[in-house]
Structure formats: C-alpha cells, structure tokens
Amino acid sequence: MPSTDSDTEPDARTDSDNETDSAGRDDSSTRVDSAVRAARDALSAPDVDRATAVVVAMLGVDAVLWVLLYRGAVPMPGASWLMQQAGVPMAAPGAMELAAFHVGTVEAFAGYLVVWGVMMWAMMHPAMTRFTREYADAYRGGAGGAALSLASFMTGYHAVWLLSGVVPLTFHALLPGGILGFTAAHTHLVVGGVLVLTGLYQLTEFKQSLLRSCCARVAPHTDSVPEAVEEGLGHGVRCVTICFGPFFLLMPFFGEMNFFWMVALTAVVTVERLPVWGDDVATATGVVSLLAGLVVLAARPDLGLRFATSMGM
C-alpha cells in the first residue's frame with residue numbers, strides 16, 4: 001500500500017527528537033567541562049591562599065609574642081628579686097642572666113631559656129616570613145600537608161633559638177662579676193669592643209655566604225614531619241650563626257629587655273635578609289657598628305646605660 005502522510009509523521013517527530021536529545025547532550029557535556037575547569041581553577045587557588053595564610057599566621061603570632069614580652073606575661077625566674085631587692089632594671093646588661101643565676105635551679109635556667117626563646121622568636125619571625133611563605137608554597141601536596149610540614153619545620157627552628165640561650169648564660173658564667181658586673185666595671189671597653197667585633201663579623205665572607213644561602217629560593221619538596229624538623233634544625237643553626245653579632249654580642253651587653261635595641265636589631269636582621277640588596281645592608285651595618293665601636297673606645301662618650309635603679313644595688 002502506498003504510505004500516507006500520517007504514516008510518516010512519527011518518523012519525522014523521532015528525527016526531531018533525536019536532534020533535540022543530541023543538542024541536550026552537547027549542552028550537558030559543555031556544562032560538565034565548564035564545571036571541571038572551574039573545579040580545577042578552584043583547586044589551584046589554595047596555592048595563593050596558602051602563601052597568604054602563612055604570612056598572616058607568621059605576623060599574627062609575632063604580634064602576640066611582642067605583646068607578651070611588652071606586658072611581661074612570660075615569667076622570668078628571679079625577676080622580683082632582681083628589681084625589688086637587687087635594684088637592677090630588667091633592661092640592664094646581663095639582668096636576665098643575673099636573675100637566673102641568683103635562683104640557680106634547673107627550673108630557673110629552663111625558665112630563662114623559655115624567655116630567651118620567646119624573645120628570639122619575636123625578633124626572628126619578621127625575618128623568616130618570606131622564607132616560610134616560600135617553604136609552604138614549594139610544598140608539592142595539599143594544604144593540610146603543607147601546614148603540617150611547615151609546623152614541623154618551625155618546631156625544629158624554634159627549638160634551636162630556645163637552646164641558643166645557653167650562649168649568654170655561658171658568657172655570664174665565665175666573665176668576672178657576670179655580664180652585668182663586668183660591663184659596669186669596664187663599660188666603654190665592653191660596649192666598644194662588642195661593637196667592633198660585631199662590625200668585623202658582619203663584614204666577613206663567612207657571614208655573607210651564610211646570608212646568601214639563607215636567602216636562597218626554596219626548592220620544591222614533599223618534606224615529611226621528620227624531614228621538616230631536621231630542615232628546621234639546620235636552618236635554625238644557620239640563622240643563629242648569621243645573627244651571632246647582633247643577638248649574642250650586642251644584646252647581652254646592651255640589655256636583652258631593652259625594647260629600643262630589640263626593635264632596632266629586629267629591623268637589622270629582617271632587612272639584611274632581603275633577597276635583592278640584603279647583603280649590602282649587612283655590610284653597611286657592619287661598617288656602622290665598627291666605626292661606632294671605635295668612637296666609643298676612643299672618645300668614651302656617655303652611653304646612657306643603667307646598671308641600677310634609684311634603690312641601688
């Protein structure tokens with residue numbers, strides 16, 4: 001029989017439906033592809049957020065540490081005896097060491113190391129912000145792994161700075177009269193001498209080479225917790241060595257709790273770690289320190305150091 005129009009209509013409708021279904025599938029595929037690209041873009045965003053989060057965390061913790069120090073919220077063994085009975089201001093040269101040795105217990109020396117560690121962490125966090133940002137950003141893995149790796153790194157790093165308080169304690173134990181007594185008896189010789197020694201150290205190639213390695217770019221890594229702790233310990237040792245002049249020669253003999261010198265030295269160790277011209281800053285501070293030391297030794301000016309309160313010793 002010959003076909004009628006009504007017989008062909010269902011086939012026509014089927015073709016139209018097929019075309020519609022095909023277009024719908026294409027639209028769905030396009031939407032899926034767009035969603036995948038959006039998800040991929042979203043997954044890459046934490047790299048930026050990770051770096052920003054590290055900077056915020058480092059500076060935020062640093063602000064808390066400075067507030068704790070300024071308010072005297074970190075208990076210092078022997079502080080009450082030092083100021084009320086011995087009549088020595090906390091900002092005096094060797095005051096912290098004198099207080100710890102006066103108490104003389106293991107707990108007192110441990111407490112001293114904690115106070116010293118908090119001071120060093122507060123002063124080093126600004127200098128370490130760029131490095132920690134790059135360390136976290138160079139981690140090849142998720143944000144959680146990067147956070148764990150960085151926290152492990154900073155644990156090792158902080159431990160080194162805490163234990164570095166043994167250096168000024170050793171100075172106090174070896175010097176006649178301790179840091180305070182020796183500096184009070186030979187003020188211009190001591191202050192001028194440590195300024196000269198710090199200036200000479202800043203100018204050495206040894207210091208400059210350590211500074212360059214400290215400021216080097218961080219290579220991509222997947223550090224585990226033990227590896228990150230080990231890396232933090234090694235980096236901490238390098239930082240202590242780099243900062244030996246400002247923190248271990250100047251600070252104990254100028255007064256560790258002198259906030260003027262704390263801020264000034266924080267600025268020095270931070271700026272000298274700038275990757276572009278930090279070594280020039282280190283050289284400049286070395287020259288200034290050397291010349292200042294020679295002036296102190298030759299002219300013997302009034303240095304304004306206070307070794308006792310109005311109560312006397």
Side-chain angles (χ1 to χ4, degrees), residues 66 69-70 72 74 76 79 82-83 86-101 112 115-124 126-127 161 164-202 207 240 242-272 281-282 284-309 313:
W66 278 98
L69 290 170
Y70 183 78
V74 185
M76 175 63 215
L82 185 75
M83 295 183 289
V88 177
M90 282 298 296
M96 287 175 52
E97 292 76 20
L98 178 63
F101 270 89
Y112 168 90
V115 177
W116 174 270
V118 172
M119 284 196 308
M120 295 299 102
W121 302 340
M123 297 174 72
M124 286 305 301
W161 276 107
S164 71
V166 171
V167 175
L169 285 175
T170 302
F171 286 162
H172 187 88
L174 295 178
L175 290 172
I179 295 175
L180 177 72
F182 190 75
T183 306
H186 312 283
T187 304
H188 290 92
L189 176 63
V190 171
V191 173
V194 295
L195 281 169
V196 168
L197 290 175
T198 297
L200 292 174
Y201 184 75
Q202 290 284 102
K207 153 80 183 229
V240 167
I242 290 170
C243 298
F244 191 84
F247 285 171
F248 298 95
L249 291 178
L250 293 184
M251 272 193 65
F253 297 96
F254 279 57
E256 293 104 333
M257 295 301 290
N258 185 315
F259 268 79
F260 171 80
W261 288 113
M262 288 177 66
V263 172
L265 294 179
T266 298
V268 169
V269 300
T270 299
V271 176
E272 73 177 7
V281 173
T285 56
V287 172
V288 171
S289 180
L290 177 60
L291 294 177
L294 294 175
V295 170
V296 170
L297 290 173
R300 302 174 65 85
D302 180 16
L303 299 174
L305 294 177
R306 295 178 62 219
F307 299 97
T309 64
M313 291 187 63

Visitor: Under 6.0 Å from the CZ atom of Phe259, do we count more than 12 heavy atoms belonging to anything else shown?
Guide: yes
Visitor: Can you label the angle between the His186 ring and the Phe182 ring as parallel, tilted or perpendicular, going by 30° and 60°?
Guide: tilted
Visitor: What distance do Leu250 atom CG and Phe244 atom CZ have between them, rounded to the nearest 0.5 Å?
Guide: 11.0 Å
Visitor: For residues Pro126 and Thr270, report the shortest heavy-atom separation together with the two atoms involved.
Guide: CB-OG1, 3.6 Å
Visitor: Is the ring pair Phe248/Trp116 parallel, tilted or perpendicular, if the boundaries are 30 and 60 degrees?
Guide: tilted
Visitor: On a heavy-atom basis, which atom in Met262 and which in Leu69 lie closest, and how many Å separate them?
Guide: CE-CD1, 3.9 Å
Visitor: On the 0 to 90° scale, with breaks at 30° and 60°, tag the Phe253-Phe171 ring pair as parallel, tilted or perpendicular.
Guide: tilted
Visitor: Would you compute the distance between atom CE of Met120 and atom OG1 of Thr266 and round it to the nearest 0.5 angstrom?
Guide: 8.0 Å
Visitor: Which heavy atom of Glu272 sits nearest to which heavy atom of Ala282, and what is that distance?
Guide: OE1-CB, 3.5 Å
Visitor: Which atoms form the tightest heavy-atom contact between Leu265 and Met123, and what is the distance?
Guide: CB-CE, 3.9 Å
Visitor: Please check this pair: side chain of Trp261 against backbone of Met251, looking for a donor-acceptor N/O pair closer than 3.5 Å.
Guide: no
Visitor: Can any side-chain N or O of Thr183 pair as donor or acceptor with the backbone N or O of Ile179 at less than 3.5 Å?
Guide: yes
Visitor: Give, for atom OG1 of Thr198 and atom NZ of Lys207, the distance between the pair rounded to the nearest 0.5 Å.
Guide: 9.5 Å
Visitor: If I take atom CG from residue Leu290 and atom OG1 from residue Thr285, how far apart are they, to the nearest 0.5 angstrom?
Guide: 11.0 Å
